[in-house]
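Here's the structure, in C-alpha cells; my notes come after.
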Amino acid sequence: RTREFLASFEVIQAKLKKTYNYLTHGGDADLMPVNNTNIFGDGIEFGVRPPNKSWKMISNLSGGEKTLSSLSLIFALHHYKPTPFYIMDEIDAALDYRNVTIVGKYVKDRALDAQFIIISLRPNMYQQACRHIGIFKVNNVTQVGLLASDAYKGWQEGALAAKP
Amino acid sequence: RTREFLASFEVIQAKLKKTYNYLTHGGDADLMPVNNTNIFGDGIEFGVRPPNKSWKMISNLSGGEKTLSSLSLIFALHHYKPTPFYIMDEIDAALDYRNVTIVGKYVKDRALDAQFIIISLRPNMYQQACRHIGIFKVNNVTQVGLLASDAYKGWQEGALAAKP
Amino acid sequence: LCIKAIETYNFKSYYGRKILGPFDQKFTAIIGPNGCGKSNTIDALLFVFGFRSSKLRAHKLPELIHNSDGRKDCSSAKVTVHFAVMRTEAEQNEQVEAFSIGRSISKSNKSDYFLNGARATQHDVTTKLREHDVDLDHNRFLILQGEVEQISLMKPTAKNEHEEGML
Amino acid sequence: LCIKAIETYNFKSYYGRKILGPFDQKFTAIIGPNGCGKSNTIDALLFVFGFRSSKLRAHKLPELIHNSDGRKDCSSAKVTVHFAVMRTEAEQNEQVEAFSIGRSISKSNKSDYFLNGARATQHDVTTKLREHDVDLDHNRFLILQGEVEQISLMKPTAKNEHEEGML
Ligand SMILES: Nc1ncnc2c1ncn2[C@@H]1O[C@H](COP(=O)(O)OP(=O)(O)OP(=O)(O)O)[C@@H](O)[C@H]1O
Ligand SMILES: Nc1ncnc2c1ncn2[C@@H]1O[C@H](COP(=O)(O)OP(=O)(O)OP(=O)(O)O)[C@@H](O)[C@H]1O
Ligand SMILES: [Mg+2]
Ligand SMILES: [Mg+2]
C-alpha cells in the first residue's frame, strides 16, 4: 500500500515540478514528506523556489506567488487523476498582468483534456476563452446571454475606457 | 454620553450614505442600531442598497459589492475623524474595471486631505496616482525606484502586452 | 463529461427562467460587472451537486429562492444542469450520452432531486456524477471566489488525505 | 503629517540599504510584478509602528531579517520612516517639522526603537504617532492585502467599539 502511495506520489511530484516551472517561467516546486518514516501520519509539505529565489514554504510567499503554487498543484493532481471539468471563480484576483496571461494560456492548453468554466474580471484572462457568457443586472434581475466575439470585445473596451 | 455618541453616529451615517452613493453611482447605505434601546450593548448593523437593487446585509453581497461597502465606511469614518495617511494594499482585487476607475478617482480627490499610498496591480487604479514607485526583484533582491511618468507608462504597456 | 447548459428558475438573482450557456466544450469565460450574478452561476451548479447552503453563501436553502423588491412571491427555486458525454476520436467529437440533473427547493425547505426530469434521490445524483469521475469528496474541480491562495496552504496531513483518497 | 520616505536595511526581501520614496504628499502608487516586494513595503512601516510579527507575515521578528541563498549573513534589520509635518495655507505647502522613527531587530530577537536617530522606547514612538492622529488603536489607516472585504463585515459590536473609541 505504501508502495502504491509512493508511486502515485512520485507521479504527482514530477508533474508538479513541471507545471510550476512552466507557470513561473523557471521556478521549482517540491512535495516532501514531513517525516520520511511516517509518510501517512505526518503528511506532505509543499515547498517552492520561485525563479531566481530561494526555497520557501508556501506561507512565506506573496499573494500572487501563492496563487501560482495552488494552480500548479491543482493541475498536477489533474494529470494524475483527471476530473471532467473545472469551475474557477476569479483565480486571477492576485495576479499581475503577465501572470494572468500565462495562466490564461495554460488553461487554454489544458482545455483539450478537461472543460474549463472560468469567471474573470481580467481581459488578459477571458480574451483567451473560446466562448464568452455575459451577465448583466437589470432592475435587480440577472440577465444572461452568450456573447458573439465582437460583442464581448465591445464590452471589454467599454469597461477599459470606463469614465466614472 | 449617549447624546454625544448619537451626534457622531449621525455624522458618520450621513457621510456613509453620501460616499456609498458616489462610489456606486446611486446606491444607498445605512447604519442601524441593532437594538434602538441598547445601542451600546448590541452594536450597529451595516446595510446597503446597491443601485437598482433591494436592501441587503453586507454578508449577502458579491466580492466587489463588499469592497465598495468597506471603502465607503473607511472614507466616512475619515470625514468624522481624519487620519493623516492611508496605506492600502490591492483594495481593487475584486473590482471590475469600471469600479477600479471610480475608486481610483475618488482616492485622488480624497488625497487633498490625507496622504494615500496604494499598492495596485491594476492600471486603471495606479494611472491616477501623482507619483509611482516601481519595485522589481533582481536575483532575489528587491530593487526600488521612483518612476518618471513615461517610465511607468512603459512598464504598464509592457505588462499589458505581455507575451507568456 | 461536459456541462452543456445550466437552466435556472428563480435561483438567487436569476428571476424567472434563465438558461446559462451553451458552455464551450473547452474553455468558457463568464464575464460581467460586480454584483451582476457571476458567482451565483457557480452556486447553481453546486446546489444541484448537493452542496450545503453555507457553501452557496446562504444560511438556509430557502434563501436561495429569488427575493427582491416587488418580487417576494417566489415560492420555489429550481436548477437543472444539462450534461453531455463526449467521445473524442480522430479529432471528431461525438455525443455518446446526454443527461440532466436537477434540484429544487421550496420556501418550506423541501428539497427534491431530479435525474433526467424524474424524481430521484441525492444518492442517485451523486452516484451518477461519481461514475463520471466528478471528485465530490475533495471538490478538486472547484475553486470558489477568494479560495485559490489557500489551496497551496493546505496542512500537510490534509494533503495526505487528498492523495490517499485518490488512490 | 505625511510619510516622506522609508529607509530599510536588510528588511525582508530588501537586501542592504534601500530607500523607498520619496512619497507624494497626495497619492503615490507602488507597482511591480508578483512577489517583487510591494507588500513588504507596508510591513516595513508596520514594523516601525510596533506591530507584532504575525501582522507582518512572520512567525517571529528575526524572520524579518533578509535571508536568501548566498546571503545568510545578515545579523540584523532596521527600518527608519521619515515623516514631515506640512501646513497647507493658501495653496502653499510649508514644512513645519520633520522627524524620523526607526526600529531594528537582531538575530537574537533584540528590538530597539529610535526617534530622530536616538534610542527611544516603543512608548515614545507610539506617543509621537498618536500626537499626529495616527489611529493605532483601530488601525483605520491600514488595509492589508486581502482584508478590504471583511472591513464591512465587522460584527455590530465591533463597529460600536470603533465608534466609541473615536469619541
Ligand atoms: N435569493 C436572492 N434573491 C435575489 N438576489 C440575490 C439572492 N441571493 C443573492 N442575490 C444577489 O446576487 C448578487 C451577488 O451575485 P454574485 O455573487 O453572483 O455577483 P458577482 O457577479 O460574482 O460579483 P463580483 O464580481 O463582485 O464577485 C448580490 O447582489 C446578492 O444580493
Ligand atoms: N526575510 C526575508 N528574506 C528574504 N526574502 C523574504 C523575506 N521575507 C519575505 N521575503 C520574500 O518577499 C517576497 C514577498 O514579497 P511581497 O509580499 O512584498 O510581494 P508582493 O510584491 O506584494 O507580491 P504580490 O503582488 O503577489 O502580492 C516573497 O518572495 C518572500 O519569500
Ligand atoms: Mg463573484
Ligand atoms: Mg502583495
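All figures in this text were calculated on a predicted structure; none of them were measured in a lab. Labels below follow one simple rule: chain letters A, B, ... track the order of the sequence lines, proteins then strands, and each chain is numbered from 1.
For the 3.5 Å distance criterion, the side chains of D/S152 and B/S70 qualify, holding a donor opposite an acceptor. Of the N and O atoms on the side chains of D/D133 and B/T83, not one donor lies less than 3.5 Å from an acceptor on the other residue.
We find the CZ-CG distance between B/F116 and D/D24 to be 12.5 Å, quoted to the nearest 0.5 Å. Interatomic distance, CG of B/D89 versus CD of D/Q145, reported as 4.5 Å (0.5 Å rounding). To the nearest 0.5 Å, atoms CD1 (B/I117) and CG (D/L142) are separated by 11.5 Å. Interatomic distance, B/E90 CD to D/S39 OG, rounded to the nearest 0.5 Å: 6.0 Å. With values rounded to the nearest 0.5 angstrom, D/L153 atom CG is found 12.0 Å from B/M57 atom CE.
Between the side chain of B/R131 and the backbone N or O of D/G21, no donor-acceptor pair lies under 3.5 Å. The closest donor-acceptor contact from the side chain of B/Q115 to the backbone of D/I3 lies under 3.5 Å.
Looking at B/A7, there are no atoms closer than 4.5 Å to chain D (heavy atoms on both sides), in backbone or side chain. Both the backbone and the side chain of B/F9 come within contact range of chain D, each with at least one heavy atom under 4.5 Å from a heavy atom of that chain. For D/K38, the parts lying under 4.5 angstrom from a heavy atom of chain B are both the backbone and the side chain. Interface remark: D/F11 contributes no atoms to any contact with chain B (heavy atom separation under 4.5 Å). Using a 4.5 Å cut-off between heavy atoms, D/N40 makes no contact with chain B at all. With a threshold of 4.5 angstrom between heavy atoms, B/P33 does not approach chain D through any atom at all. Neither the backbone nor the side chain of B/L68 comes within contact range of chain D; no heavy atoms are under 4.5 Å apart.
No side-chain heavy atom of B/C130 sits less than 4.5 Å from a side-chain heavy atom of D/T28. In this structure, the side chains of B/S120 and D/I31 stay at 4.5 Å or more apart for every pair of heavy atoms. Residues D/K26 and B/K108 form no side-chain contact, since every pair of their non-hydrogen atoms from C-beta on lies 4.5 Å or further apart. Annotation: side chain of D/V148 is in contact with side chain of B/L71 (closest heavy-atom distance under 4.5 Å). By the 4.5 Å heavy-atom criterion applied to side chains, D/K159 and B/F46 are counted as neighbours. Using a 4.5 Å heavy-atom cutoff, the side chains of B/R110 and D/F27 are not in contact. Under the 4.5 Å side-chain criterion, counting only non-hydrogen atoms from C-beta, D/N34 is in contact with B/L121. Put simply, the side chain of B/I133 reaches to within 4.5 Å of the side chain of D/F23, judged on heavy atoms.
Heavy-atom neighbours of chain D within the stretch residues 58-67 of chain B, taken at a separation under 4.5 angstrom, comprise B/I58, B/S59, B/G63, B/K66, B/T67. Interface residues of residues 42-50 of chain D toward chain B, defined by a heavy-atom distance below 4.5 Å and sorted by number: D/I42, D/L45, D/F49.
Heavy-atom pairs under 4.5 Å with chain D were tallied for B/I87, B/L146, B/I91; the largest tally goes to B/I87. Per-residue heavy-atom pair counts under 4.5 Å with chain B were compared for D/G37, D/G146, D/S13, D/C2, and the maximum is reached by D/S13. Between chain B and the options D/K12, D/R71, D/E161, heavy-atom pairs under 4.5 Å are most frequent for D/R71. Interface summary for chain B: among D/H132, D/R140, D/K155, D/H66, the most heavy-atom pairs under 4.5 angstrom belong to D/R140. When B/V48, B/L73, B/I74 are compared by the number of non-hydrogen pairs under 4.5 Å with chain D, B/I74 comes out ahead. Note: B/P84 leads B/S69, B/S72, B/A94, B/P84 in heavy-atom pairs under 4.5 Å with chain D.
For NZ of B/K18, the number of neighbouring non-hydrogen atoms (other residues, nucleotides, ligands) closer than 6.0 Å is 12 at most. Within 6.0 Å of atom CZ in D/F114, more than 12 heavy atoms from other residues, nucleotides or ligands are found, so the atom counts as buried in its surroundings.
Taking the six-membered ring for Trp, D/F141 and B/F85 have ring centres closer than 6.0 Å.
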